[in-house]
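See structure below.
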Amino acid sequence: MSDRRHRKVTKEIAQCNHDETTNIKIELIDDSPFHLRGSFRGPQDSPYEGGHFEVDIVVPIDYPFRPPKVRFITKVYHPNIYASGVIDLDILRDQWSPSITLSKLLISLQSFLCTPEVCSPEPDDPHAASVAKQYASVHKSFEDTARNWTRIYARSSCDEAAITVLILHMFDRFQTTYFREVMYPEWLVGSRRL
């Protein structure tokens, strides 16, 4: 069973990563095909648009007959995604089918961001319960908060690189200004005389 599981998971990863239409990717964690990181873009025309979302996937021994354990690595403001990243989605529990591939699972998660199941927030997770209440009663406020969380927590690595460059540039300018005006103010005085 393990060799068959290994072949199936390896094939699913390759198919997912070669499909240019979905923009969904899967990578190995610690070179194991049974511990994975999936990623996808936020759905268009949603508060999650423009975000880059990552999930941790652990493939069980009896996959595909049992669903993988999946949790969000990226913080997401959603009624069915708890503060710990745990996802309350029926296909990860009792509605799982062996025909669901890793790619289909990630596409389902991407779609799920737009269609929460607000009827079943976990009572022991106050964060999810309050998000569900906001989603149901003050939807505009929910969307604004989800959009802000997406901007803060779901930036792509390209965005992070741009921010890092900006911070380094600002730090460099601060150092130069500090050096000239605080450490050696006579340079400033001397330059004003010119």
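All heavy atoms count here, side chains included; hydrogens, waters and symmetry mates do not.
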Donor-acceptor pair, side chain of [X] and main chain of [Y], under 3.5 angstrom:
| X | Y | result |
| --- | --- | --- |
| His78 | Ala146 | no |
| Thr150 | Pro47 | yes |
| Thr10 | Arg7 | no |

Would you say the side chains of [X] and [Y] form a donor-acceptor pair under 3.5 Å?
| X | Y | answer |
| --- | --- | --- |
| Tyr63 | Glu12 | yes |
| Ser103 | Thr101 | no |
| Thr21 | Asp19 | yes |

I want to check something: taking the side chain as every heavy atom from C-beta on, are [X] and [Y] in contact at a cut-off of under 4.5 Å?
| X | Y | result |
| --- | --- | --- |
| Arg155 | His52 | no |
| Ile57 | Arg37 | no |
| Asp56 | Ile29 | yes |
| Leu28 | Ile13 | yes |

Stepwise salt bridge (Lys or Arg N to Asp or Glu O under 4.0 Å) check, Lys140 with Asp144
CA-CA 6 Å; Lys140 172 80 170 93; Asp144 291 343; 2.9 Å; yes
For the residue pair Arg5 and Phe34, would you count it as a cation-pi contact if the rule is NZ or CZ under 6.0 angstrom from the ring centre and within 45 degrees of the ring axis?
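Yes; both conditions hold, so Arg5 lies above the ring face of Phe34.
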Below 6.0 angstrom between ring centroids: does that apply to Tyr77 and Tyr153?
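No.
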